[in-house]
Amino acid sequence: MKTTRTALALFLVLFFLIAREDPHIAFSQTSSESTGLDGFTSEGALAQRRFEQQFRAIPAANSAREHLRRLTSEPHVAGTKEDYATAIYVRDQIRGYGIPAELKEYDVLLPYPKVPSVVEVIAPRRERLALKEAVLSEDPSSSNPRIIPLFNGYSPSGDVTAPIVYVNYGLPPDYEALKKLGVSVKGKIVLARYGSSFRGVKAKVAEENGAVGLIIYSDPADDGYMQGDVYPKGPWRPASSAQRGSVQYLFQYPGDPLTPGKPSIPGVPRLKIEEATDLTRIPVQPISYGDARQLLAPLRGPLRPRGFQGGLPFAYHVGGTDDVRVHLKTEMDYQIRKIWNVIARIEGNEEKDRWVIMGNHRDAWTFGAVDPNSGTTAMLEAARGFGQLVKNGWKPRRTIVLCSWDGEEYGLIGSTEWAEEYASELREKAVAYLNMDAAVSGANFGASSVPSLWKLVRGATRDVRDPKTGKSIYQQWQDRAREARPDPELTDAESGTDTAIAEARIGSLGSGSDYTPFLQHLGIASLDMGFGGDYGVYHSAFDSFHWMSRFGDPTFEYHVAAAQLWGTIAMRLADAEGLPFDYTDYGMQVREFFSESVKTAKRRKLSAAFDETAMSDALEELIKEAARVEKSRQATVLEIERTRVEANDRHPRARERLSRINDALLAAERALIDDRGLRGRPWYRHQVYAPGFYTGYAAQPLPDFRQALEDRNSINAKDALDRIVEAIKRATNALRQALE
Ligand SMILES: [Zn+2]
């Protein structure tokens, strides 16, 4: 008796531990429980497990290393012949695995620096900054003469001389702090540090505040010696290294600046450069902290406000006086250039007009070992696995499309042009878009996705081994999140750690990689994921094969894990009879976003402006409908399973119902698109997810509503919420169609 009670108690404790670890476990008492594969009959799951195991046995460290070595042998900026060579390499490798693959090219506006930029101190004494990354004897590729000079993509040409003002991260509150000190940036060159926002946002805010030029540097506090040893001794940024990168106004629209919303193909009219609304008008230049020191050290003017001090060894002043004057000159060569996507397809056997899309970009600012070719390597290894499976007799139910994007670094160009060209087909056929960009810079798994994919992602991470610990990736991800969590009482938003790893939570998609056109323009369920680590060489000449072999992934086992996980998720989406999408999670997540916003509204005394109940009711309906569809989906899969066993009947009625349910699950995400677009940026149409105007990378969920609250504009807040409520109702209706 006593033993039984102890056992029972133990069982309960264990159950609650597990249930607490995964709040969704209680909902999954379904057919998937026995097989562990959501959306599959037991028979289907057995076959699936077999194929998945065969698949996961294929990706290998040796061939991953070889792909990365080949892909990073030369710098391959979008549109260059070295970039073209990587496209051919990727296409031919995939063809070699027995999968048809083609190049798809676009003609797009891409600037290169015509000559290296000039940053010259005029006062207190004349001195030209080096603007050059060091050659390191330890890293053979650092001496490559084809490394592109330090520049920011889509900076205009410009030639300005003015005093310097240090503006910290260059966020709107930083400029407010300067105003309080009586420092104006009008007519000045502003010096901002990288971090806390997308660099295009820094350019926009500098321009709005009347600056005539922008210099952005990497402060050692953010990714240099304050974090740890610098390269080549450690993985962090050394004094000569700077971060290249685009200053396109990505939050306005991505893609070719001259063809917003349309593909850059022959016959499509182009804007004039002056007409593009996603380009900055002031010259922008990145520099290293070695160089920034020459500008910051002599600055006078007020002592830095709170939060402005960085990691250089002196007290920062904000400047604004005539003591330090700088000459900034950028000379760009703007041309229409060709870029090359590679598109490969494995035709679906039963539903070939349903596409599961995997994507990763291939172009890099320099060698791109981490960003993006760790992802390209993972894609090639996954393709190798798929190719082998096909030879073993695997026929995916749905079509798998593999996409190697070009021009991502300039502004998600290859993916955006492709998504714009095939918009109507994608709206019709796409099941999901699965992105990897910088797939490996360490061992720490993280993911962001729409909530309907959360269970799928968690499930797949349970079936892939974490190379270092031998635990599942899921377990390792949980354990790390728990250790890292400072205070369990704080929500993500409050503790400011809204990252993919907090309590193994899956983050929200903002922008900064190729999922943006799929999710935010077309309403296709999307996922982005990878393994992160101590990575201080982002967009520098040191994001090289040597860096990766020394620090990022010396054994290349995380490249293997990335390929295994990515492929496993794609296979489940391609093969499941009932699509494993869960809109209950979606509804609950949006409810959480909404209650956060309501708190903000109350603080700002704006809650009278909109109808809270309408939204709460709409969400409740969505969650109810989602639960009904989920139940029916599970039941229908069981029904197909039972009738198959009993009468060997293919049970057309159940199949027909399941296919209606699958269609509804795709339609629900599409329904969150409002064709009118977001306020002031019609290209972005998703009512739940968009990058913020003043964050650029980070998501600003319920974007127009949040922005209206930020702006304290009650009319816009009401209008934005009305549209969100409409979108939620459309999604609920789409789900309802499944059961009619
Ligand atoms: Zn990238």
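Counting starts at 1 for both ligands and their atoms, in listed order.
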Under 2.8 Å from the Zn ion (ligand 1), which protein N, O or S atoms are there? Could you list them by chain and number?
->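 N, O, S partners closer than 2.8 Å: His361 NE2, Asp371 OD1, Asp437 OD1, Asp437 OD2.
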
Salt-bridged, [X] to [Y], with N to O below 4.0 Å?
X	Y	result
Glu421	Lys104	yes
Arg337	Asp107	no
Arg427	Glu669	no

For Gln227, side-chain contact (heavy atoms from CB on, under 4.5 Å) partners two or more places apart |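 Result, side-chain contact (heavy atoms from CB on, under 4.5 Å) vs Gln227: Trp236.
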
With no hydrogens and no angle check, is any side-chain donor or acceptor of Asp406 less than 3.5 Å from a backbone partner on Trp340?
->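 Yes, because the side chain of Asp406 sits within donor-acceptor range (under 3.5 Å) of the backbone of Trp340.
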
Is there a side-chain contact between Val108 and Tyr410 (heavy atoms, below 4.5 Å)?
->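 In short, these two side chains do not touch, never coming nearer than 4.5 Å.
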
